[in-house]
Visitor: 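Have a look at this one before I ask anything.
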Amino acid sequence: MAVVEVRNLTKVFGEVLAVDGISFAVEESNFLILLGPSGCGKTTILRMIAGLEIPTSGEIYIKDRLVFSSKKGIFVPARKRGVGLVFQSYALWPHMTVFENIAFGLKVKRLKPSDIKEKVEKVLDFMKLEGMTNRYPQEMSGGQQQRVALARMLVSAPDIFLMDEPLSNLDAKLRLEMRADIKNLHRETGATTVYVTHDQVEGMTMASEIAVLNHGIIEQLEQPKKVYHLPSSLFVADFIGSPTINKIEGITALAEEGEGIVEIEFENMLLATSYRQISPGRKVMAAIRPENISLVTAPGKNTLQVQVNTVLPAGAETILQVSHSKLQFNILLTRETDLEVGEKINIYLPPEKILIFDRESAELLPNIS
Amino acid sequence: MKKIIFILLSLCFLFSIILIAPAIGQKEVAEGLSPETVAWLKSAALGDYASETFDEAALYEAAKTEGEVSVYSYSSRVFKFGPTFEEKYPGIKVKGFDIDSPEMVTKVLAEQNAKNYMADVIFIKDPSVVVHELLSRGLVFNYVPPDLKGLIQKDYREPLLVHHTSVDALIYNNEKLSAPPIDSLWDLTKDEWRSRFLFPDPQKMSEFVEVLAAIIENSAGMAADYKRVFGKDIVLSPGVENAGYEWILRTLNNDLVIMASTNDVSNAIGLSDQANPPVGMTAFSRLRDKGKNPNLKFDVMYNIKPVIGVGTKVVICIANQAKHPNAAKLMIHWMMGDEKGGNGYAPYYVLGNFTVRNDVTPVKGSRSMEDLNLWFADPEFVWDEGQKILEFWVANLK
Amino acid sequence: MVQGEKEDIRIKFSRLRNYIRQPHIIISLVLLLLLLFIVLIPFIKMVKDSFIWHFGDTRLSRSARPGSFTIFHWRRILASQITRNVLLRPLLNSLSTALGVSFFALIIGALLAWLLTRTDLPFRRLLATLAVLPYVIPSYIHALAWLTLFKNDRIGGAVGIFQYFFNLSPPNWLSYGYFPIVLTLSIHYFPYTFLLLSASLSSIDSRLEESGEILGATRSYILRRITFPLVIPALLSSFILTFSRALGIFGTPYFLGSPVRFFTLSTQIYSSITNRIPAAGYILALMLVAISSTVIYINQRIIGRRKGFVTIAGKGFRASLTPLGRLKYPALFLVVALLIISVLLPLVLLVWQTLTLYPGDYSLDNLSLLFWIGRGNTEFAEGEAGILRNPAIIKAAWNSIKLALTAAVLSGFIGIFIGYAVVKGRNTKLANSVEQIFFLPYLVPGIAFGALYLSLFTHRIGPIPALYGTFFLVALVCIAKNLPFTGRAGITAMLQIGNELEEASEIAGARWSTRFRRIILPLSIRGALAGFILVFITVMRELSLIILLVTPKTRTLTTMTFRYQEQGYTQFSSAISVLIVLIVVVGELISRKMGKKSII
């Protein structure tokens, strides 16, 4: 059963189309991450699900209940939707203590004070916030505040967890920690979660599904691995992965020998791929992830001689930036290297790792090999 | 969405216009007395239903059941005769309000219009306005205590009871000068009195419109005195109607100094140790200030021609639908005092105010009003001409 | 087809319903409705009333029929023998006064702001605190103090201190009229410019200037090409602020102008209305509104809509301070002298005057506490008791405090709602119109605003009784006139809260009333307090706005001052003024104690 389902959801702010008729469903216990650059509409979608923003058109179901429909004129306000939301700023009430912050929702629901106390203490325990009951938010560290915000959401046991970039205000180390915490939280509670972030690493590490958004539409919605290895569009390919994917502009050609292997012609060179059955003469963009490029000693098929421009050693990994005339490549080596800037090296682009996108539609071409 | 809001707003707008609209229509007051007013007059024994005798004890009993009386007074002296009234008639609370005359007219009109009858006794200057705007519309009624009828001559009883007459007269500094420096109103148009003639602002104080009106009304006398002073007939400036207006024009052109109050005038003129004190017109009753402040040295110039000043009347009446008519009657009776002046009249038993009762001995040191060379403005003339005079005044301010 | 259309309407309707059901939309609509009642309707009513005969008009013309239409009043004001003295000269005087005041207040304020924010002048912080005080003191106090000092023998036996000690009569131009009016009002209004400009100056990142310096620009070049353009909005705002206030000011021109027949539109409005020719007053008030609207319109055209008004907020950057060098102490002397002249001197003069038994005699043996605690000696001032024993004055003091508190609380509260509606609906047309329309009362000069209310509420309007003479009406006008301030404070407070705090409580299941009570109100109340205190002070010393509306029952300290001054009892009027200052200063101190800066 889909816990959250949106159909044809559209939001227009004045003249700006923020969300452009998107549809998706989140199954029970799934962890969906809405990923995209700022301004892509991901937060707006989350806020529309929460009921904080009125969509321009479309429908939203939560647990099969229609909570918004432009056609039927239904709009269930946020407080009646049974959702929990963690804000980017945490939005802890500065005039209330930790206890009061967490207890607020329960008080609003008029629970007995003894029940409230029990529930709040339980969730404080769970979030490792014991002994902080009487602190004010301003007196706590960012990480602690984050936990309070999570605790506040948890205590009401909502049907859905909604999180709006909850980690973006934390420093790198804490972020890593909290990432694990949230993942554990999800595993332990099994709550259906919709999580907004612009950080693709968060997306890759935490999600069971990723929706990559761009200009108010979903470019791709699939499992993280798929999104990474088979990005459906150039945008997704570009957005996911660090360093950025390498792109080579070219025109398709058919290899003379072999059985219809597509080759890409660029700068008087030919690059073999694992693709078949693409008509020749098509304007395409070949793409390859930096970690898929390897260094070789001898020139050969699908090798290029390049010049090393930058060497960025990062502990166990090294990023090389190399160029071949106008072409730039990022290469990710999982080892250290003693290459020098200016050195000439040969790189190998394995055909089976090369993706081909149509340059006009920017879409990934199907590889029927 | 915008359109809808716009429509909503315009609807509210229309609605409110409709709300306002009746406010205009209801301003008209019907001529003749309304049945409610007649019923009230009957119950209050006023107007045609007034009793011929004065029974103080009965009135007091009736007033006690009313419990209070509110007095709209043009002067703050209501806080003096109010407390003495409360002492004399325990059980009746006096609510005194010190309101300037024009404001009082506005207020009474507004209250009567809103049928919110707050006032009982109206104690006010500017009889022409009271008669034409309030009495003629049945918004106030005359009450003359029956026992006083024989003691007050008719023109002080009709159309409204006059409480007292006050006089505005010319004064000079009698410390610096042994005798009045001028003997005619026309002297004030001479160059030697340039910027040295003080006159209270008629735009603020209606009694000085009356002063100007009296001068205009008696323009023949003004013209005659001009001839006496300058030895030739007066030549009126272009567009000026008569010698009275001409006098106003010339004093204004002679940089007459407009003052905010009669108090300012007497202080300005009377202060001792002045090198070149001015002269000016002020309330005769300011003479009483001399007793209070040893630094004040001034006196009225009794020999000015054609007149030394102008008499104005202060009237007293009962508001239409007053809630405490018996207490109001008792209050009016109290304010009119007794043959020795009396506690109720005491605040006005001072130099420069003249009682209308013919049984009261004049205040010590006071000449009787008949001995003073005065003009009185006819309320009808003030009513007809007052605004024109004021506009003439305003138009010629430089 | 028809089915489809029906469907279409239904969708539109439900969309509208959803839209309107949002609390901030409801609040915006309610606020606009409120505004309709407190600004637009009075305005329309005033225009309408200028075209009808009123009761007292039978004096003007025998053909007057109260309630019916006439253009008589317009003709009388615009084309009659009195036009020159009732309209043209006062108009010119009002304009020249307002311009003169704006000009000098701007210069003094700007110089002071620069000295106290961007130079190394000693005691800057203390001086900056003191520099706001002239604004706290009622404006006409400067006028009264001026009279105490420079009154010559033109109008009064009781001469000023100057003449008393030097036995020299100051010339008329020094004692009365344009010169002292402009001077005293400039002294009163420079804190506007000072506050706005120092906020603006200290929010300019000095790195902007430093980068100019690194590029080799001279100090004066930087001042001209970098600093000045950045503070232009603040300067223009101060100009508008000062101009529109000075245009509607009544007390000062009344006290200082009347003796030399120097009338302004505001004094003419007052005299028309006290003379019971309200239509004339309304027409003149419309002129005032027209002038200030025109000036503000031009201002908006120059600097663009949104930047038009600068709010005082923003954290200060660390500014680099210009060393004054040898000018340091002369500058300090000038600033201190300015503050003494504008704050200390008037107060000392007034206190001294209240202690003189006979006015105009400043010798030591003439000192007395009679006017403070006297039991009401019949020898003085018609035997009224000293102000601390005088029931009428104590009642007025109570009225003043009640009025100021009521206006402050209610307009502060409405201000929070304005802030909520505006911030919540940020950048929507509705919110923008709320924000802009609530600025309207600001544009209407004080005395004209009073005239608006006089015209509307003298009579019954449908279910609303005639409010004239009630405390409620006086409070209403004070609330309405101060909404621009509290609205601004509300917006600032709400911006600081941020949207998410409320949304978090909505997610937690709280309905709007709970959210407002438990989250919005507690969080915004501190920020709104600044507006609250400002309104308290403003109303405490308000004269122009309420002079037309106050009746004996609702008299305030300011109108009592005015009344006594008019009747020539200067010691009383001065003593009450001192009392007002005391109350205001206590209010200000309480506010400082609460740790909030006062704002404009």
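Per chain, numbering begins at 1; letters A, B, ... match sequence-line order.
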Visitor: Give the minimum heavy-atom separation between C/Arg62 and B/Trp383, together with the two atoms involved.
Guide: NH2-O, 2.9 Å

Visitor: Select one option (side chain, backbone, both, neither) describing which atoms of B/Asp384 are under 4.5 Å from chain C's heavy atoms.
Guide: both

Visitor: Could you tell me the separation between the CD atom of B/Gln203 and the CG atom of C/Asn275, rounded to the nearest 0.5 Å?
Guide: 6.0 Å

Visitor: Please classify the contact between B/Asn173 and chain C as side chain, backbone, both or neither, with a heavy-atom cut-off of under 4.5 Å.
Guide: neither

Visitor: Looking at side-chain heavy atoms only, is the closest gap between C/Thr58 and B/His132 below 4.5 Å?
Guide: no

Visitor: Measuring heavy-atom distances to chain C, does B/Leu109 have an atom under 4.5 Å in its side chain, in its backbone, in both, or in neither?
Guide: side chain

Visitor: At a heavy-atom distance under 4.5 Å, which candidate from B/Glu103, B/Lys107, B/Lys95 has the highest pair count against chain C?
Guide: B/Glu103

Visitor: Is C/Ile277 close to chain B through its backbone or its side chain, or both, or neither, when contacts mean heavy atoms under 4.5 Å?
Guide: side chain

Visitor: Restricting to non-hydrogen atoms, name the atom on B/Glu391 and the atom on C/Leu60 that form the minimum distance, rounded to 0.1 Å.
Guide: OE2-CD2, 3.8 Å

Visitor: As an exercise, state the distance from CD1 of B/Ile258 to OG of C/Ser258, rounded to the nearest 0.5 Å.
Guide: 8.5 Å

Visitor: Quick one: what part of C/Arg276 sits under 4.5 Å from any heavy atom of chain B, side chain, backbone, both or neither?
Guide: side chain

Visitor: Please state whether the side chain, the backbone, both or neither of B/Leu390 comes within less than 4.5 Å of a heavy atom of chain C.
Guide: side chain

Visitor: May I ask you to name which of B/Asn396, B/Thr262, B/Asn276, B/Leu252 has the most heavy-atom pairs under 4.5 Å with chain C?
Guide: B/Leu252

Visitor: At a heavy-atom separation under 4.5 Å, does B/Leu134 approach chain C through its side chain, its backbone, both, or neither?
Guide: neither

Visitor: Using heavy-atom distances under 4.5 Å, tell me whether C/Tyr254 contacts chain B through its side chain, its backbone, both, or neither.
Guide: side chain

Visitor: Within a radius of less than 6.0 Å around OH of B/Tyr349, do more than 12 heavy atoms belonging to other residues, nucleotides or ligands occur?
Guide: yes

Visitor: Could you go step by step and tell me if B/Leu256 and C/Arg261 meet the side-chain contact (heavy atoms from CB on, under 4.5 Å) rule?
Guide: CA-CA 10 Å; B/Leu256 168 153; C/Arg261 304 182 192 171; 3.8 Å; yes

Visitor: As an exercise, state the distance from CG of B/Asp98 to CZ of C/Arg563, rounded to the nearest 0.5 Å.
Guide: 4.0 Å

Visitor: Output the distance between atom OH (C/Tyr564) and atom CG (B/Asn263), rounded to the nearest 0.5 Å.
Guide: 12.5 Å

Visitor: If you look at every heavy atom in C/Thr274 and B/Pro102, which pair is closest and at what distance?
Guide: O-CB, 3.1 Å

Visitor: Tell me the closest heavy-atom pair linking B/Leu397 and C/Asn85, and the distance in Å.
Guide: O-ND2, 2.8 Å

